[in-house]
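Order of the sequence lines sets the chain letters (A, B, ...), proteins ahead of strands, with each chain counted from 1.
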Amino acid sequence: MKEMNTTYDPKAFEDKIYEKWTSEGSFRAEVDPAKLPFTVMMPPPNVTGRLHMGHAMDETMQDVIVRFKRMQGHSVLWLPGVDHASLATEHKLVEKLREEGTTKEELGREEFLRRAWAWKEEYGGSIVGQLKKLGSSCDWSRLAFTMDETCSKAVREAFFRLYEKGLIYRGSRIINWCPDCKTALSDEEVSYSEDAGHFWYFKYPVKGTEEFITVATTRPETMLGDTAIAVNPKDERYARFVGKTVILPIVGREIPVVADDYVDIAFGTGAVKITPAHDPNDFEVGLRHDLPMIRVLGDDGRVNEAGGKFCGLGRYEARKQIVAEMEGLGLLSKIEPHAHNVGHCHRCNAVLEPVVSKQWFVRMKPLAGPAIHAVMQNKTKFVPDRFAKIYFNWLENIRDWCISRQLWWGHRIPVWYCADCGEVICARETPAKCPKCGSEALHQDEDCLDTWFSSALWPFSTLGWPEATEDFKYFYPTDVLVTGYDIIPFWVMRMMFSGLEYTGKVPFRNVLIHGLVRDEQGRKMSKSLGNGVDPLDVIEKYGADSLRLSLVTGVAPGNDTRYSDGKVEAARNFINKIWNASRFVLMNAEGKIPKLSEVQLQPADRWIISRLQTTIREVTVSLQKYDLGIAADKLTDFVWNDLCDWYIELSKPALYGGDPERKRGTLAVLLFVLESAIKLLHPFIPFVTEEIYGYLPGAEGSIVTADYPRYNTKLAYKKEAKAFEEIIDLIKSVRAMKVEVGCPPSKKVPLYIVTEQKRLVAANRACIQKLAGVSEVYLAESGAEAGERPVSKVCSAGQIFVPLGELVNIEAERARLEKELERVMGEIARADGKLTNKNFVAKAPRKLVEDEAAKKEKYLDMKKRIEQQLKLL
RNA sequence: GGGGGCAUAGCUCAGUUGGUUAGAGCGCAUGCUUCACAUGCAUGAGGUCACAGGUUCGAGUCCUGUUGUCCCCACCA
């Protein structure tokens, strides 16, 4: 046997073990008709990114599930991948170019893309390395990238199909425009924050009168594009103006006063300036009243030619000058401070401009319906199910999805325009000529697709769809998607409707939603706060297993969790415990160790085997329900308390007692329980369990593909285990008693036990001596055998007595017993309360009533004993 | 305005379909160099489960309301 180090040192083996797994192809998924598939698609991290704590938790959860299923005998595919992250990557690249003193326009599309690919190669590889550090057991031979050939083909196919069905259209709508990234965004990519702003009240002169209509605005610069004033048709204050015109100050344009229900009489002045090209509501008003749309802000956020003399000014400079000029004209009636929600770019945080723009959209209503139904019919289940509500809420209020981006890094829109006849051609492959006029003067749409358009296809594009590949047929639909609640609108929803639309099936049967990993004070980890913790630093310090375990323990599904070094330390300490328990077993395991079935089991053996069975059942059930936190908790409890604190201590008399057969039997039990525990733990802490597995005599191959322990009724030993609990209780009682009376733990005292479990106590005499710190164990008929005034305590097995002679303080002892009596009386009263309640006896399950009665008996017995003892004092 | 979460020990959190005396980790107190482990062992203190009603034989758990707190969506120019 190789020697194990005295302390757990993850650095000594984690990397080595991952290499072994890789070289042995342990995570290779096989299409095997004899097995049930189990498929998980990894949410692809962005190429630009570095793994953060959120990823670490997400990956750990997936890995736990996947390793569990693999050990259970499924043919597991956990498919890893990387996302091209169109906007995020391009944004970073553009910044880099700026530092180099150039721009993407200067480089040109081709050169820019060449650089982007180089960037991808560099960062994509680093993400893979980080995932391996964590221990992720994914099939690297199937590593996918959202822009690889297979995925790109799927994107064109999907676009083509939607286009043919009329579910993709091009149109001029108000979209969110980022003047920094210079692209359109979808509604989901806008993050709102409350910013301090102002209301500027402008007076617009009514033509042909001396009167004014006052309007308020938060964006004065948009007045350049005003094409009407709207009032509510029921508003008597303005009724006489409807149908008249006002003269737009500075610009001089004559614009109508229209009546529209959209205007809230009670808000502001009751009159609204209408800028159809720069506000979604105004846009609608404009359509209803057939108003011209005048766009006054260009793509760079500067006023354009339509803005006359302000042309070329930045939007805020224009705002300043316009306000000043209005004031000069005496048309600024007041300024009020006003906090309002302003949309910011998800990526660069710039203030967005709503502008009218010609973009590509996906018609969402027809796609949302089936996606809602599938979840209603439980074809896909959310875990926890409360997230289904959030999902419904999104889909029921969904608006068309703007999918075009004015970017270069991404999937180019598969649409071509004929320069000669203007025909619009959507095709899977680049067309050679115009199908209408035969012209070869075709040019492809300049824009790219929203990154999420390709992500939406991830569960099947990675398997080769639209081809009916073996992988696709075998591994699709996938079993579970693991992701954070913040991604539901971006991704979960879109994969759902995409899967249903293109494959006719839900893309996954379950969605396991988790929360965010926050910092120690509960704040979101963010770059600006600088409070992010790098998982790799933690791994460096504590090892990957400790990080993994700390990220799933004490976490309830869907809830946020806080990261803290303390939690990782606790996990590390636990793993060190496992390590040393293994070391203890292996140090003693010499010679040939018999199988469990060949051994004469002792009461303690049956107890630990029984506890193991219970643990197997509980952990298996929890994992099947994706309750990782509960599973980890049960395992920790079993290994630390039952195995280490009790069974290992109980085994020592047998190991060192000099009876070779007893020793071999105990070792058989120790090895069996240890091996089972290691297997149960493996999904959570794969490295250390693999390392320990390698030391176990008789263990073959890798723990990765070992059989997951199964609950065995024959090994449940329910009765025996319950009986043995009395021995444990007895030992605890002796220890407590010694502490209570101030007897030093090192002082060995004789122990007298009055019990009906004579055989059980006798069989465990050595254990009681060792664990309770007792010199001799006597089976007594009464406390009198322990001499005059022994200290006593009742326990579930009966009553224990220790003659402590001069150590006993009569008064203290009386107080101690009285306190105990009080507690017992309380219990009796409680049980009595239930048992005298006719309704309880009649309606509660019989077992419960019986238990309660038995309990009362037990406490009555205890009461009697304590009272007797008090009399003797 | 709409939707949702959370409120349990000093702190961080678990608590399965309602059912023993509500748990864990950390922290705290006391005592232990016991031959796997001080990254440890033993013993212990600490909780009106936010509040008020209701359903039930029985509520931390289910229902209604209140308060506090956080998040998401929408958004009035």
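Looking at residues 839-847 of chain A, you'll see A/Asn839, A/Phe840, A/Lys843, A/Ala844, A/Pro845 sit with a heavy atom under 4.0 Å from some atom of RNA chain B. Applying a 4.0 Å cut-off to non-hydrogen atoms, the residues of residues 766-774 of chain A that approach RNA chain B are A/Lys770, listed by residue number.
Listed by first and then second residue, the salt bridge (charged side-chain N to carboxylate O under 4.0 Å, His left out) pairs involving residues 573-587 of chain A amount to none (not counting sequence neighbours). Listed by first and then second residue, the salt bridge (charged side-chain N to carboxylate O under 4.0 Å, His left out) pairs involving residues 552-574 of chain A are A/Arg518-A/Asp560 (not counting sequence neighbours). The ring-ring contact (aromatic ring centres under 6.0 Å, His included) analysis of residues 558-581 of chain A, with sequence neighbours excluded, yields the pairs A/Phe13-A/Trp579, A/Phe574-A/Trp640.
Remark: A/Arg562 is in phosphate contact with B/C13, judged by side-chain N or O atoms under 4.0 Å from OP1 or OP2.
Toward the 5′ end of RNA chain B lies the nearest nucleotide of A/Glu520, the other residue of the pair A/Glu520 and A/Gly566 mapping further downstream.
Between A/His346 and A/Phe490, the distance separating the two ring centers is shorter than 6.0 angstrom. Aromatic rings from A/Phe382 and A/Tyr391 are positioned such that their centres are separated by under 6.0 Å.
Qualifying salt bridge (charged side-chain N to carboxylate O under 4.0 Å, His left out) partners for A/Glu353, counting only residues two or more places apart in sequence or in other chains: A/Arg219, A/Arg315. Under the rule for a salt bridge (charged side-chain N to carboxylate O under 4.0 Å, His left out), A/Arg735 has no partner lying at least two apart in sequence or in another chain. With sequence neighbours excluded, the residues forming a side-chain contact (heavy atoms from CB on, under 4.5 Å) with A/Asp851 are A/Lys847, listed by chain and number.
Rounded to whole Å, the distance from CG on A/Leu655 to P on B/U34 is 19 Å.
Only the P atoms considered, B/U64 is 26 Å distant from B/C73, to the nearest whole Å. Taking atom P on both nucleotides, B/U61 is separated from B/G53 by 14 Å, rounded to a whole Å. Only the P atoms considered, B/G18 is 47 Å distant from B/G31, to the nearest whole Å. Going from the P atom of B/U17 to that of B/C57 covers 22 Å, rounded to whole Å.
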Strictly under 3.5 Å: I want the nitrogen or oxygen pairs between protein and nucleotides 40-45 of chain B, one per line.
from: B/G40; atom 1: OP1; to: A/Asn573; atom 2: ND2; distance (Å): 3.2
from: B/G40; atom 1: O3'; to: A/Lys577; atom 2: NZ; distance (Å): 2.9
from: B/C41; atom 1: OP1; to: A/Lys577; atom 2: NZ; distance (Å): 2.9
from: B/C41; atom 1: OP1; to: A/Trp640; atom 2: NE1; distance (Å): 2.6
from: B/C41; atom 1: OP1; to: A/Asp645; atom 2: OD1; distance (Å): 3.1
from: B/A42; atom 1: O3'; to: A/Arg735; atom 2: NH1; distance (Å): 3.4

Please write out each protein N/O paired with an N/O of nucleotides 60-63 of chain B under 3.5 Å, distance rounded to 0.1 Å.
none

Mind listing the N/O atom pairs, protein and nucleotides 71-77 of chain B, below 3.5 Å?
from: B/C75; atom 1: N3; to: A/Asn341; atom 2: ND2; distance (Å): 3.1
from: B/C75; atom 1: N4; to: A/Asn341; atom 2: ND2; distance (Å): 2.1
from: B/C76; atom 1: OP1; to: A/Asn281; atom 2: ND2; distance (Å): 2.3
from: B/C76; atom 1: O2; to: A/Asp264; atom 2: OD2; distance (Å): 3.2
from: B/A77; atom 1: N6; to: A/Asp264; atom 2: O; distance (Å): 2.9
from: B/A77; atom 1: N6; to: A/Phe267; atom 2: O; distance (Å): 2.5
from: B/A77; atom 1: N1; to: A/Asp264; atom 2: N; distance (Å): 3.3

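Looking at heavy-atom distances under 4.0 Å, A/Lys634 makes contact with a base.
A donor-acceptor pair shorter than 3.5 Å cannot be found between the side chains of A/Glu618 and A/Thr615.
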If pairs are Watson-Crick or G-U with both distances under 3.5 Å, what is the dot-bracket string of RNA chain B, marking crossing pairs with [ ] and pairs to another strand with |?
-> (((((((..((((.....[...)))).(((((.......))))).....(((((..]....))))))))))))....
